[in-house]
Amino acid sequence: MDPIVKLLQQSAGQDKILRVLQYTLRFVLSSSKTDVFNVIIKLEHHITLTRKITRTTRDLFYFNKGIIALQNPDKIDGIGRAVSGFGKCIWLLSDHIELLYRIGIFSSESGKSPATKWARISNWLWLLGYLGSIALYARQLKIISKCIEKEMSRLHSLETCSDLVITDHCASTNVSSLQQQKLDIQLQMLQELVDCGIPAGSLGLIHPTAGSAAGILSSFIGIYQVFVSVRNLSGHS
């Protein structure tokens with residue numbers, strides 16, 4: 001029960017729960033017409049607005065990730081991280097501009113709100129950021145898989161040496177650690193793959209209902225990740 005309470009106290013945990021509700025409402029709106037359709041629209045709008053406001057400074061986080069990536073001595077890894085970081089940064093900036101138009105702080109001389117145009121730009125950049133992350137995770141998985149193979153080979157060669165018990169234990173620990181890293185990256189990559197469905201649905205590349213379903217699934221993956229993190233911290237405290 002304690003990890004659940006701590007999950008709800010975390011801003012990341014609260015955001016993931018709001019995200020589940022947001023995309024569940026979008027799923028309902030895109031899949032059927034109900035008697036409370038207008039109420040659902042208003043509720044979804046307010047939740048979306050709340051999440052947009054709470055992430056107004058998150059673009060700085062992704063910008064910083066992009067800057068750090070450019071200094072990476074591994075050029076291929078650096079490019080992947082830079083595409084992911086800067087793509088998500090500009091996505092959020094576009095998202096902020098869309099928000100300012102929607103709430104009336106910015107206005108257009110033509111009388112037509114460019115919010116829809118900025119929303120489309122935002123979604124394309126959002127998708128680009130996810131694709132950059134997926135390419136990066138795929139490369140990391142390839143590298144870790146090779147490391148696991150080497151450690152397993154070394155562990156196998158040590159099994160015949162009874163006087164190397166400590167070294168054998170170290171090798172086993174390395175393999176376990178690498179396997180856990182691989183699982184973490186696979187889960188992160190799965191979430192990014194599923195997340196691609198959200199902007200794809202908004203852009204009309206897939207059905208909006210599928211995009212909303214992707215948002216729900218991704219949010220539950222995010223809740224699980226935050227829950228595991230909080231539980232691990234509770235276990236070490």
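Note that the structure is predicted; figures quoted are calculated from it, not measured.
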Closest non-hydrogen atom pair, [X] against [Y]:
{"X": "Ser94", "Y": "Leu125", "answer": "OG-CD1, 3.6 Å"}
{"X": "Asp77", "Y": "Asn72", "answer": "OD2-ND2, 2.7 Å"}
{"X": "Val20", "Y": "Ile223", "answer": "CG2-CD1, 3.7 Å"}
{"X": "Leu205", "Y": "Leu127", "answer": "CD1-CD2, 4.1 Å"}
{"X": "Cys196", "Y": "Ile134", "answer": "SG-CD1, 3.6 Å"}
{"X": "Ala214", "Y": "Gly197", "answer": "CB-CA, 4.0 Å"}

In terms of hydrophobic clusters joined by side-chain contacts under 4.5 Å, are [X] and [Y] together?
{"X": "Met189", "Y": "Leu178", "answer": "yes"}
{"X": "Ile79", "Y": "Phe86", "answer": "no"}
{"X": "Phe63", "Y": "Leu70", "answer": "yes"}
{"X": "Ile67", "Y": "Ile90", "answer": "no"}
{"X": "Ile144", "Y": "Leu136", "answer": "no"}

Problem - Working for side-chain hydrogen bond (donor to acceptor under 3.5 Å, both in side chains), residues Ser84 and Ser133 - result: CA-CA 5 Å; Ser84 173; Ser133 294; 2.5 Å; yes
Report the distance from atom [atom1] of [X] to atom [atom2] of [Y], rounding to the nearest 0.5 Å.
{"X": "Ile121", "Y": "Leu93", "atom1": "CD1", "atom2": "CG", "value": "12.0 Å"}
{"X": "Lys182", "Y": "Ser177", "atom1": "NZ", "atom2": "OG", "value": "14.0 Å"}
{"X": "Leu18", "Y": "Ile47", "atom1": "CG", "atom2": "CD1", "value": "6.0 Å"}
{"X": "Leu92", "Y": "Ser122", "atom1": "CG", "atom2": "OG", "value": "7.0 Å"}
{"X": "Leu183", "Y": "Leu141", "atom1": "CG", "atom2": "CG", "value": "10.0 Å"}
{"X": "Trp91", "Y": "His96", "atom1": "CH2", "atom2": "NE2", "value": "9.0 Å"}

Practice task
Would you list the pairs meeting ring pair (Phe, Tyr, Trp, His ring centres under 6.0 Å) in which at least one residue belongs to residues 191-226, sequence neighbours left out?
Solution key: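 Pairs touching residues 191-226 that pass the test: none.
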Exercise for the section: Would you list the pairs meeting ring pair (Phe, Tyr, Trp, His ring centres under 6.0 Å) in which at least one residue belongs to residues 127-155, sequence neighbours left out? Expected result: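 Sorted result for residues 127-155: Trp126-Tyr130.
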Tell me, please, which residues at least two apart from [X] pass side chain to side chain donor-acceptor pair (under 3.5 Å).
{"X": "Gln71", "result": "none"}
{"X": "Gln225", "result": "Gln188"}
{"X": "Asp74", "result": "Arg139"}
{"X": "Arg19", "result": "Asp195, Ser218, Ser219"}

Exercise for the section: Could you check if a side-chain atom of Pro208 sits within less than 4.5 angstrom of a side-chain atom of Arg26, using non-hydrogen atoms only? Expected result: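 Sidechains of Arg26 and Pro208: no contact.
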Practice task
Kindly indicate whether the side chain of Leu187, heavy atoms from C-beta on, has any atom under 4.5 Å from the side chain of Gln191.
Solution key: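 Not touching, per the 4.5 Å side-chain cut-off.
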Practice task
Look at Glu192 together with Lys88 and state whether they make a salt bridge at an N to O cut-off of under 4.0 Å.
Solution key: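 Salt bridge flag = yes for Lys88 with Glu192.
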Problem - Thr209 side chain to Phe27 backbone, donor-acceptor under 3.5 Å - result: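 The answer is no, because no donor-acceptor pair under 3.5 Å joins these two groups.
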